[in-house]
Amino acid sequence: MREKCGVFGIHNHPQAAKITYLGLYALQHRGQESAGIVVSDGSNTIIHRGLGLVDSIFTEDVLSSMPGKFAIGHNRYSTTGSTSPSNIQPLLISFFGEGIAISHNGNLINAAEIREKLESSGSIFQSTMDTEVIIHLFTKLTKSLGRKQAIAQALKRVKGAYSLLMLFNDVLIGARDPHGFRPLVLGLLDSSYLFASETCAFDLVGAKYIREVKPGEMIVIDKKGINSYTIEKPKKISQCIFEYIYFARPDSIVFGETVHKVREKMGRTLAREHPAKADLVIPVPDSGISAALGYARESGIPYGIGFTRNHYVGRTFIQPLQFIRDMEVRIKLNPIKGVLDGKRVVLVDDSIVRGTTSRKIISLLREAGAKEIHFRISSPPIKFPCFFGIDTPVKKELIASTHTVEQIREKVGANSLGYLSLEGLLSCVKNPENFCTACFTGKYPLKVKPQTKYIFEKKGRSVAVLSPKKETGTS
Ligand code: AMP
């Protein structure tokens, strides 16, 4: 599974590019494939984008050559469109001499149809990203409707998930789809407004968190101040519960709650639902830490550290030594031997996707001397793919869609396996009716056509990664 996209933007700050760089740095967990920043001095716009991690793309020299007080940035991990330089965001276009930039987190489920119509009437696209249709819709409408109305109308036509930022010289706009799938927050640094996917980006730059951008809301910040508009009345609110389970950083406030606290509750609930007789509770670092702490506190079993994690593993790591079994896992995690010898261990992780990593981790624990391994997962079994911004494998690769819990236990090699129930999970969040849980239930908040995920690809052209057609479980 992959995650997708962090966005950040700032209005009227003398160090706009540097602050945006720091914001993206704090949001690196939301996407490691590519990053980019667009900065404007009010009339001239500069863009710098690249493949890789934020700190490798933006050197001191690059940032120093990006003057301007207005900026937006983006971290990407693709869910639509291929890994090619033309697909790195922000997207920047020139329209009647004005630079228009856009950064988008989420997935649009009707982008393929819109694009087809636009191309039929002569539009030329520069990328294979769903995001680009928003720009085309906007440019067609802006002359007759004016900027704000044109954005609102363009956004009304797209369906799916968007938390997005747009920059028009000295005007910064933030908008969130009426279902509120992905997070987007508003903050203030001195007198400069900021937007970010998560509040951890505000913490790093010393900004104050003001509030969430509401589902269906568009906030426009210009030299006159800040104004809020309703693009569409909020529809069935469908915040992504996976933000709490895995994506968001534990120190962020997402959908109004601190992520770590929600995860800890999940761990406590898990301990009540699936107790175990054990000597030690250990997390899979880092994803299981908060839930493991909750499990330990609720069960009274001591919390311990069973692994050391190497945080410096780059995505481009080449595996030169094929004879080292399970090398990808060993590169990242190493069990601490003295701690595990002869112990009955509760191992806590946030989720099982394909089951392959979990199997390797459990085998490392056995090698390190653990006597029993009781595997506890702080989410229900993931059985259905996501179409709203999380790049899940196709259904048949999700182990829980084809295996029972007992079969999964056997496959991963644990002594026992317990998943948090859906009811248990929902009991840990405020306003549980406001969450999308389609990855567990298959009940999608919007109708998804089977082809949705496989847009923009034409035979023989390498413009997107295709998956088989019949993989969606829509309802
Ligand atoms: P596996 O055993 O191969 O299913 O991998 C399970 C691990 O994948 C868990 O540690 C999860 O934290 C992690 N995981 C869950 N969702 C994602 C995601 N979207 N991207 C990367 N890793 C994920």
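What you see below is based on every heavy atom in this structure, not just the backbone, and it leaves out hydrogens, waters and symmetry mates. On a predicted model such as this, the values are computed, not experimentally measured, just so you know. Whatever order the structure lists them in is the order used to number ligands and atoms, beginning at 1.
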Exercise for the section: Check each atom of ligand 1 against the heavy atoms of Ile352 and keep those under 4.0 Å away; list them by number with element. Expected result: 4 (O)
Exercise for the section: Quick one: closest heavy-atom pair of Tyr303 and Leu293, and the distance? Expected result: CE1-N, 3.6 Å
Exercise for the section: For Phe247, counting its heavy atoms only, list the atoms of ligand 1 lying under 4.0 Å from any of them. Expected result: 19 (N)
Problem - ligand 1 versus Ser358: contacting region, heavy-atom distance under 4.0 Å - result: both
Exercise for the section: Decide side-chain contact (heavy atoms from CB on, under 4.5 Å) for Leu417 and Ile352; before the verdict, give the C-alpha distance in whole Å, the side-chain angles of both, and the deciding distance to 0.1 Å. Expected result: CA-CA 11 Å; Leu417 170 63; Ile352 301 179; 4.2 Å; yes
Exercise for the section: Flag the pair Glu372 and Lys277 as a salt bridge only when some basic side-chain nitrogen lies within less than 4.0 angstrom of an acidic carboxylate oxygen. Expected result: no
Exercise for the section: Mind telling me whether Phe388 and Phe181 have parallel, tilted or perpendicular rings, with 30° and 60° as the class edges? Expected result: parallel
Exercise for the section: Please identify which atoms of ligand 1 are closer than 4.0 Å to at least one heavy atom of Asp349. Expected result: 9 (C), 10 (O), 12 (O)
Exercise for the section: Tell me which part of Thr356 gets within contact of ligand 1: side chain, backbone, both or neither, using heavy atoms under 4.0 Å. Expected result: both
Fill in the blank from the handout: Nearest heavy atom to atom 1 (P) of ligand 1, choosing from Gly355, Cys386, Ala400, belongs to Gly355
Exercise for the section: Test side-chain contact (heavy atoms from CB on, under 4.5 Å) on Glu243 and Phe255 and set out the steps. Expected result: CA-CA 9 Å; Glu243 292 279 348; Phe255 310 138; 4.0 Å; yes
Problem - Residue Ser287 vicinity, atoms of ligand 1 by number, heavy atom under 4.0 Å - result: 10 (O), 12 (O)
Practice task
Output the list of atoms in ligand 1 that are nearer than 4.0 Å to some heavy atom of Thr357, sorted by atom number.
Solution key: 1 (P), 2 (O), 3 (O), 5 (O)
Handout entry: Distance (rounded to the nearest 0.5 Å) between Ser163 OG and Asn105 CG
Key = 5.5 Å
Exercise for the section: For Val353, counting its heavy atoms only, list the atoms of ligand 1 lying under 4.0 Å from any of them. Expected result: 1 (P), 4 (O), 15 (C), 16 (N)
Exercise for the section: Say whether, by atom type as modelled, one donor and one acceptor occur between the side chain of Lys371 and the main chain of Leu340 under 3.5 angstrom. Expected result: no
